[in-house]
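Ligands are counted one by one from 1 in listed order, and the atoms in each one are counted from 1 as well.
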Amino acid sequence: MALERTFSIIKPDATKRNLTGAIVKKFEDAGLRVVASKRIQMTLAQAQEFYGVHSERPFFGELCDFMISEPVVVQVLEGEGAIAKNREVMGATNPADAAAGTIRAEFAESVGENSVHGSDAPETAAIEIAYFFSGLELVG
Ligand code: UDP
Ligand code: MG
């Protein structure tokens, strides 16, 4: 398996409940290394562009409003097979379907307010990392 980088967001429901450390511990325990991290207040335009693939879905407006409701923590995670591993640690989108021990099973409040985002493929990981981090922030 190849050493990969993936993009993660600790979402507003989690930052608001002071769960940043608990979620990072899940990543680290799974062998994912935090190689870049910052806490930001996303703008509506950023949220709409970031989730542009979902713009026709009925939950799009609510999702974008949620993503700007509190600061988020954006991170780059590195590890062997990091993209799939992160998705595994996150658990299913709907916490009701998420496997025991996953972030969403333990912390998510609903299918919308589900604590974390993680890239779903190498192409999206590269685009999402570049959207939030400059090359200079990624030297590690
Ligand atoms: N979402 C929602 N309602 C749905 C499906 C998704 O509010 O029925 C939100 C949820 O926050 C999810 C995000 O939209 O994390 C992106 O959806 P996606 O299907 O890409 O899920 P993910 O990749 O985050 O598991
Ligand atoms: Mg997705």
Atom 11 (O) of ligand 1 sits nearest the protein heavy atom G112 O, 2.8 Å
Qualifying residue, where the test is side chain to side chain contact (heavy atoms under 4.5 Å, CB included) with F50 and the options are V74, I9, L63, I127: I9
How far is atom 24 (O) of ligand 1 from the closest protein heavy atom, and which atom is that? R104 NH2, 3.0 Å
For L136, which fellow cluster members are found when Ile, Leu, Val, Met, Phe, Trp and Tyr are connected by side-chain heavy-atom distances below 4.5 angstrom, either directly or through intermediates? none
At a 4.0 Å cut-off, with the gap strictly under it, does some heavy atom of D120 reach an atom of ligand 1? no
What residue and heavy atom of the protein are closest to atom 10 (C) of ligand 1, and at what distance? V111 O, 3.2 Å
With no hydrogens and no angle check, is any side-chain donor or acceptor of E137 less than 3.5 Å from a backbone partner on S134? yes
Nearest-0.5 Å distance that lies between atom NZ in K26 and atom OG1 in T102: 7.5 Å
Tell me yes or no: between the side chains of Y131 and E49, is some donor less than 3.5 Å from an acceptor? yes
My understanding is that a hydrophobic cluster links ILVMFWY residues whose side chain heavy atoms are under 4.5 Å apart, including indirect links. Using that, what else belongs to the cluster containing I10? L19, I23, V24, F27, L32, V34, V73, L77, V89, M90, I103, F107, V116
Proximity flag R57 to ligand 1, non-hydrogen atoms under 4.0 Å: no
heavy-atom search around atom 13 (C) of ligand 1 in the protein gives L63 CD2, 4.0 Å
Should one rank F60, F59, F66 by closest heavy-atom distance to atom 3 (N) of ligand 1, which comes out on top? F59
Give the numbers and elements of all ligand 1 atoms closer than 4.0 Å to a heavy atom of N114. 10 (C), 11 (O), 12 (C), 15 (O)
Nearest-option assignment for atom 16 (C) of ligand 1, heavy atoms, candidates R87, H54, M67: H54
Atom 21 (O) of ligand 1: nearest protein contact (heavy atom, Å): T93 OG1, 3.3 Å
